[in-house]
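Notes follow the structure.
Every chain is numbered from 1 and lettered A, B, ... according to where its sequence line falls, protein lines coming before strand lines.
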Amino acid sequence: MTTQLDPPRPDLATPPPLRRPDAWRQKFPGLALPGLIWYAVFTIGPVIAMFVIAFLDWPGMLVDPGFAGLGNFRDVFSDPVFWDAVRNSAVQIAVGLPIMMVLAFLLAFYVVRKPRGHKVLRFWLFVPALISAPATALMFYSLLNPDGLVNGVLAALGLDGSRAWLADEATALPSLIMIDLWAGIGYSAVLLASRLDSVDEEIVQAAMVDGANNTRLAWGIYWPIARDFIGVVAMLQFLSILFSSAQNVLLLTKGGPGTSTTTLSYLIYQKAFVDADLGYSQAVGIVLFVVGLIGMFTIRRLLRPTH
Amino acid sequence: MKFPRISGFLAWGYALLLVIPFYYLVVSSFKENDDIFTNPLKLPATWDFGNYGEAVGSADLVPAVANSVIVTGLALALTLLLAVPAAFALSRSTGRAGRIVEATFSLGFLIPTFAALFPTFLLAAFTGLFHTRTFLILLLPATAMPLAVVILTQFMRTIPRELEEAASMDGASTLTILRHVHLPICIPGIATVVLLCFLSFWNEYLYSLIIIGPDPAQRTIQVALPTLQLTTGTDYGVLMAGTVFTLLPVFAVYAITQRQMQRALVSGAVKG
């Protein structure tokens, strides 16, 4: 069975040499072991530990943990702060993700049609993907402070320019969503453009001969062709918003004011490293893991290939 | 091709939203607070590097850069050392074991970073490497394994078996084949992995923050930078100078390897 999958040999004049150890090696990739063990210790190990700790009663590092059964999950599900976090994460994704995907798709479509300056555009669209969370956060910290550029522009336009965007309960979460969008649209657009680039030019020309305008071209031809790939990018950004954008929360708002920016990921951090309620923290971790799985399957169903 | 004005307006409007913050960042880094608030977009009156000196001094940015270079460099070397042989073995294996190993690696994309943070912190404490950059040098390659292995395996699969067989008939050992047949062909794949890992290792924040902690002799640039918020309060000029300082290496690499970096980011995301 191992040799059947080999590519066909063009030159059958010389018989393949007998190499027993190699046949064994084909079945068992021994050279992959060091990498696999490394990966298991540092990455799989902590995930397994998460599933164990979630069932422990462990109020702080210096205390001996006891068994809690489902107690942590009962605490989590009866805690209003947890439900605030669910709501904030849901808003962040339900508002951020569709806007990001639609705008990124339009941007990718624009770039792919090669208007003047598309090379400059492609260069800049990547930039947010290059810079670290602390650098992005500090930049927005200074842009959004009460004396920052955003308020300066608003004041110049004759609008209210005195808001403390990140310290105001009404605007803190929307500001964080804006940062997700600022960083995510460009990167998603470049990824989508890499797929749209390969759309058959003949189909496009034929549609244009038939009188299709740009709107028809974008939604009627490019979107359906790239649909499954848009699903892939959507999944990527979904996981990034759900799992990693809490770095902005940590750097900019610490979940506040109140619980207005406490997302699920941030709640895990806060319970582990601020409140020292380790069982609770890891129970939310399991919830988050499950939410990630469900979200991925949902996106795959919504954007699966139509053909 | 003609476009409705609205789409061009949207595209360039967004580009402007990307450029202006960086412009603001750079000009503010040469100004005092008053000047930043009253003339946010005006060029600075003098190109005074005083803010840079203060940022570098008060957040110990020089040792932090050194630590980042050490962590990024060693973690990169370790990643290649683990991933290249693994990809080599996986590309040649046709049995079930190989497929299971590959599937195990690709599960890594589903791990919630914030949730795995505390157990990783426990592991650091358990190994006695807590509050050292050593632990991060060991940890980062593990997080990069899924992507590195997937990308390199795909490259190695394109190598025809005949090449290998010819070499092994000449008496070459497995390692010789890896070095002289596979490595040269995989240079573009290795470059992709190096660029991707450089970005993610250099920019890594959360795990560095918790595991390396606040010691200026150990912490990386990404951990040192936000401390400016505390040490200099709301001196935005100094804050922006520190931010520009940490961005320079990444922009330098992007300027030099623009095409390769773009290709790396695209293939990294798509294969992930």
Donor-acceptor pair, [X] side chain versus [Y] backbone, under 3.5 Å?
{"X": "A:Trp182", "Y": "B:Leu17", "answer": "yes"}
{"X": "A:Tyr39", "Y": "B:Phe105", "answer": "yes"}
{"X": "B:Asn203", "Y": "A:Leu130", "answer": "yes"}
{"X": "A:Trp38", "Y": "B:Leu138", "answer": "yes"}

Open item on the list: In terms of relative ring orientation, are A:Trp124 and B:Phe22 parallel, tilted or perpendicular, with 30° and 60° separating the classes?
Closed with: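 Tilted, since the angle between the ring planes falls between 30° and 60°.
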
Distance check, rounded to the nearest 0.5 Å: [X] atom [atom1] versus [Y] atom [atom2]?
{"X": "B:Leu110", "Y": "A:Leu239", "atom1": "CG", "atom2": "CG", "result": "6.0 Å"}
{"X": "A:Ser142", "Y": "B:Asp235", "atom1": "OG", "atom2": "CG", "result": "11.5 Å"}
{"X": "B:Trp202", "Y": "A:Ile131", "atom1": "CH2", "atom2": "CD1", "result": "14.5 Å"}
{"X": "A:Tyr269", "Y": "B:Thr113", "atom1": "OH", "atom2": "OG1", "result": "13.0 Å"}
{"X": "B:Thr120", "Y": "A:Met50", "atom1": "OG1", "atom2": "CE", "result": "10.5 Å"}

Is there a side-chain contact between [X] and [Y], using heavy atoms and a 4.5 Å cut-off?
{"X": "B:Leu265", "Y": "A:Val190", "result": "no"}
{"X": "A:Tyr110", "Y": "B:Leu10", "result": "no"}
{"X": "A:Leu250", "Y": "B:Leu209", "result": "yes"}
{"X": "A:Leu149", "Y": "B:Leu41", "result": "yes"}
{"X": "A:Leu143", "Y": "B:Pro21", "result": "yes"}
{"X": "B:Leu18", "Y": "A:Val127", "result": "no"}
{"X": "A:Leu31", "Y": "B:Arg92", "result": "no"}
{"X": "B:Gln229", "Y": "A:Leu138", "result": "yes"}

Task: Within 6.0 Å of OH in B:Tyr23, more than 12 heavy atoms from elsewhere - done: yes

Open item on the list: With a sphere of 6.0 Å drawn around CZ of A:Arg216, does it hold more than 12 non-hydrogen atoms of other residues, nucleotides or ligands?
Closed with: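 No.
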
Looking at [options], which has the largest count of heavy-atom pairs under 4.5 Å with chain A?
{"options": "B:Ile36, B:Ile20, B:Thr104, B:Thr143", "answer": "B:Thr104"}
{"options": "B:Val253, B:Ile210, B:Thr79, B:Ile221", "answer": "B:Ile210"}
{"options": "B:Ala87, B:Pro226, B:Ala15", "answer": "B:Pro226"}

For [X] and [Y], which heavy atoms make the closest approach, and how far apart are they?
{"X": "A:Ala135", "Y": "B:Leu247", "value": "CB-CD2, 3.7 Å"}
{"X": "B:Pro112", "Y": "A:Gly285", "value": "CG-O, 4.5 Å"}
{"X": "A:Ser194", "Y": "B:Val266", "value": "OG-CG1, 3.6 Å"}
{"X": "B:Phe118", "Y": "A:Gln282", "value": "CB-NE2, 3.7 Å"}
{"X": "A:Leu121", "Y": "B:Ala11", "value": "CD2-O, 4.1 Å"}
{"X": "A:Ala32", "Y": "B:Leu90", "value": "CB-CG, 4.3 Å"}

[X]/[Y] aromatic ring centres below 6.0 Å:
{"X": "B:Phe114", "Y": "A:Phe243", "result": "no"}
{"X": "B:Phe121", "Y": "A:Phe273", "result": "yes"}
{"X": "B:Phe135", "Y": "A:Phe42", "result": "yes"}

- [ ] Evaluate the ring pair (Phe, Tyr, Trp, His ring centres under 6.0 Å) criterion for residues B:Tyr236 and A:Tyr141: first the C-alpha distance (whole Å), next the side-chain angles of each, then the deciding distance (0.1 Å), finally the verdict.
- [x] CA-CA 9 Å; B:Tyr236 290 96; A:Tyr141 173 70; 5.8 Å; yes

Task: Residue part contacting chain A, namely of B:Ala83, when any heavy atom lies under 4.5 Å - done: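 Nothing of B:Ala83, per the 4.5 Å heavy-atom cut-off to chain A.
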
- [ ] Please look at A:Leu251 and chain B and tell me whether the side chain, the backbone, both or neither of the residue comes under 4.5 angstrom of a heavy atom of that chain.
- [x]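 When you check distances to chain B, atoms from both the backbone and side chain of A:Leu251 fall under 4.5 Å.
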
Open item on the list: Quick check on A:Gln247 against chain B: is it the side chain, the backbone, both or neither that has a heavy atom closer than 4.5 Å?
Closed with: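 Looking at A:Gln247, backbone and side chain both touch chain B.
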
